[in-house]
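Notes for the one structure printed next.
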Amino acid sequence: MSGSESYVSSSHTVVELKAMCKENGLPTNGKKADLLARLNRYFTDDSEPEIEEMISLEEEESISLEIEEAVFPEESTSVPLPTYGDDDILEAEVLEAEFIEDDKTPSKEKNHQSATLFDQIKNPKVAAILLTILVASGGWYWYVSNQLEPFTADDLRYGDFMEYTLLDGELEVTGEYVELIRDNVDVDQLNKSCRLLMTFSGIGTTSITDGSQSELDFEADDSLKGVVRAKGAYGLDWLTVEKVQTRNFDKIALKSYNPKILKPEECQSGSSIYSVGGNLEFNTKSWTEISERDVIATEANWKLTLGEDYNQGTTMSNGLGGILGLLEDAAPGVAVVISPVELREMMGTKLIDEGANGTHLGWEWNVVGADELDGEQMWKVSMENGQIRDNCFGHARITMWVTEDSPWAVRQNVDVYISGDEGDKSSCGTISERLADVVLPDGKISLSLEMSMNSLTRGDKLLDLGRSYSSVPNAGAYVPTSEELIDWGEYDMHMPDNSSLRSETLEDAVQCLTSGHVSEAVAANAALNDDGYIWRARDDRGQQGVTVWNLSWVSSDPNSGWVELEVTGDASNTNCTYLAHGGNDETVSHSRNDIPPVLSIKMMEEDLTDQSRYPVLSGPDGLFTSSGDYHPETRIGMLVVTPDSDLTDWLNVLDSGDAGATTIDITRTWTSEFDDLNWENTLSLAMDARTGQVVGWNLAQSPI
């Protein structure tokens, strides 16, 4: 449109004008006059719109509303008019008045009629009426302009950035949740802890990376600028949207509680055994592939100081690791509690107005109504995770305040309580109670915190989600074929190893056990010579020239145990040395029908040493040397999990459905020197032997 045909009149409402701005990629902030001017400049190519709604008069007249002194009595008092700031500008709609001219009317009569009209306007009574309308109109405009308008959540843009304050944070964990923290925090005082209570506060940021042109080196379409190239589970490069979260908790107070001396099954609740202050930096990145909109990887980096103890680490996964990973298995979407809610992702394109509601990733949200916060009108929204509530896991609730100017919640209060072994589950029935026992760790986790926006910077370009691109990799290039997968579960004693990188393989260790060279392991030999198989095995090549294998077996009786032995060279009598044996504490189910076909360990090692796919795994700080060999202190293990065992929750992580799963795990522990300090480093990786995908890896570091 152009010219007068494109002119946007003031007859449109503010909501309609904002909708027109969104459709044309224009900002939606400002008052009605700003929106009108912005749209008219856009449609007329920045030229001033032609104003047609003017009063047309044949003769120019100067209209004055000034009141002469003789009009009002001297004793009358003047009424002061209200004053308006720049934000309270009156907006009046200019109506087009058309005067019909009668050719038969003499010109003097026409002049008389015009003069009479202006005389009436000058009349004090008429002037008072006009003044009343003017003031009333201004008051109405002020009232309307300060009412909260409904809006649709804005899309995120490359370069969006928000800083927020975290206040009144409190995290409490008991039971197995404590163990998850101890696994990554090397603090001696926490070794016996059964309960941890941490309070914290600090500053956080949430942002969308605006990728540089270099991210498009293999892409012909420059319009995709802003994306970031990232690797997925098969080590292939994808174009993604990178989301970054940083959190700096500069005020931490941690209290640790030990079991009661006389009742070790109970945890102390009085004074803590260990109390210390410190700080924590916890930063995360996630990469969402643009065409399919799937999160292909998540990285978490953390640095923790507690008193004189310092730990740091990095976790990379195709999902979420640690405590949040377990909670995501129980209730997808619960991880949103640790960062500001993305409004468009949570609420979609629904109009945010009182009474609006919806559901996303298990979260049920409802717009409670308008609420004034720090002198500004905002929409208040309540959220609750229905899956956690309905399964009697506890509760997860968020109250957030939202405005049209921010794509994230500008304030957010979080209240989470999750427990698999506490609380009344009678209303949920035995199925939900059993689900909690299987899915959730023993113990509880509770979290409360408040987030409030400090500053917001908006980017310019909308995200390219949903777009295709020419450099998209072949997703099926490394998916195992049926010919590559080996079905060993029906009759063999263990998954295939056949490694060419290790001299003492799983085949050698099992051969030592079943050939009569280890006479002490009577139960293991009997099980494996019948219908038993190895469900867990791990080697340790840290000894000089000696490999120690620990083999866990299960039989159809059912019985389960383990045997530890040294293996050097081939499986001869002189090269197999018995070390120890015992029974397994875990309840392991014997189910050959649920063991899936898998890749051999050799085939997975070939994938992991491909430096074009997994460059971070090779080199001085990797699992393999730059030449593709294992570092001497690297250990490898395999795990077979079938339904109805104590490790069934691992199946949920791998999304293997009702069938069993098989994984390999590789771990390396070594020392290094950095900043004049000696560091102990532990790098661990898990890989799905059924799909050939890397589940994730974790690096934990602490000074010695």
Side-chain angles (χ1 to χ4, degrees), residues 156 158-166 169 171 173 177 180-181 183-185 198 200-211 227-233 238 240-250 252 279-289 293-305 311-329 331-342 345-346 361 363 396 398 407-409 412 414 416 445 447 449 451 453-454 463 616 653 683-686 694-701:
L156 289 169
Y158 297 112
D160 279 351
F161 179 91
M162 185 175 80
E163 181 188 81
Y164 55 92
T165 299
L166 296 113
L171 173 67
V173 295
Y177 291 102
L180 292 171
I181 294 178
D183 289 343
N184 291 301
V185 178
M198 182 175 72
F200 56 91
S201 62
I203 297 294
T205 68
T206 180
S207 62
I208 307 297
T209 302
D210 189 0
V227 299
V228 173
R229 193 168 293 275
K231 290 185 177 295
W238 304 85
T240 69
V241 171
E242 183 181 80
K243 299 180 181 180
V244 182
Q245 304 278 345
T246 71
R247 304 166 191 87
N248 185 1
F249 303 131
D250 55 357
I252 285 181
N279 58 74
L280 168 67
E281 294 181 27
F282 180 62
N283 306 325
T284 60
K285 290 183 180 180
S286 66
W287 293 272
T288 303
E289 198 272 330
R293 308 186 186 210
D294 293 328
V295 177
I296 63 171
T298 302
E299 179 185 81
N301 292 277
W302 54 273
K303 297 179 181 179
L304 174 64
T305 300
N311 296 269
Q312 66 182 32
T314 300
T315 299
M316 175 72 77
S317 70
N318 296 313
L320 287 170
I323 293 177
L324 289 174
L326 290 174
L327 297 185
E328 281 285 309
D329 296 334
V334 75
V336 74
V337 301
I338 65 169
S339 58
V341 173
E342 293 179 13
E345 180 183 23
M346 179 61 64
L361 285 179
W363 286 97
I398 295 175
W408 294 287
Q412 188 168 317
V414 172
V416 175
I445 175 173
L447 172 69
L449 60 90
M451 291 176 270
M453 183 183 74
N454 293 336
L463 305 186
V616 72
V653 176
L683 177 62
S684 304
L685 173 142
V694 172
V695 179
W697 52 264
N698 179 73
L699 173 65
Q701 300 173 298

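Residue numbers count from 1 along this sequence.
- No donor-acceptor contact under 3.5 angstrom links the side chains of N283 and T246, judged on distance only.
- You'll find the side chain of T240 stays beyond 4.5 Å of the side chain of T288, heavy atoms only.
- G232 and W238 get closest at one heavy-atom pair: N-CD1, 3.9 Å.
- Atom CE of M162 is separated from atom CD of Q245 by 8.5 Å, given to the nearest 0.5 angstrom.
- Proximity of W408 to T206: side-chain heavy atoms (C-beta onward) are separated by under 4.5 Å at one or more points.
- Going from atom NZ of K285 over to atom CD of E299 covers 6.0 Å, rounded to the nearest 0.5 Å.
- Closest of all the heavy-atom pairs between G169 and L449 is CA-CB, 3.9 Å.
- The shortest side-chain heavy-atom distance between F249 and N279 does not fall under the 4.5 Å cut-off.
- In terms of heavy-atom proximity, F200 sits nearest to L447 at CZ-CD1, 4.0 Å.
- Between D210 and G159 the shortest heavy-atom distance is CB-N, 3.9 Å.
- The two atoms that bring A409 and P340 nearest to each other are O-CB, 4.1 Å, heavy atoms only.
- Atoms CD and CD1, from E342 and I208 in turn, are 6.0 Å apart once rounded to the nearest 0.5 Å.
- With no hydrogens or angles considered, no side-chain donor-acceptor pair links N698 and S684 at under 3.5 Å.
- Judged purely by atom type and a 3.5 angstrom limit, T205 has no side-chain atom pairing as donor or acceptor with the backbone of E163.
- Distance CG/L304 to CZ/F282: 11.5 Å, rounded to 0.5 Å.
- Smallest separation of non-hydrogen atoms from L166 and M451: CD2-CG, 3.8 Å.
- Annotation: side chain of R247 is in contact with side chain of S339 (closest heavy-atom distance under 4.5 Å).
- With contacts defined as side-chain heavy-atom distances shorter than 4.5 Å, the pair W363/V341 does not qualify.
- Proximity of a side-chain donor or acceptor of Q412 to a complementary backbone N or O of I398 within less than 3.5 Å is not detected.
- Taken to the nearest 0.5 Å, the OG1 atom of T314 stands 9.0 Å off from the CH2 atom of W302.
- Taking CG from N454 and CD1 from I203, the interatomic distance works out to 5.0 Å, rounded to the nearest 0.5 Å.
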If you apply the rule side-chain contact (heavy atoms from CB on, under 4.5 Å), what do you find for T209 with Y158, and how did you get there?
CA-CA 6 Å; T209 302; Y158 297 112; over 6 Å; no

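- Of the options I296, V227, T298, a side chain to side chain contact (heavy atoms under 4.5 Å, CB included) to W287 is made by I296 and by none of the others.
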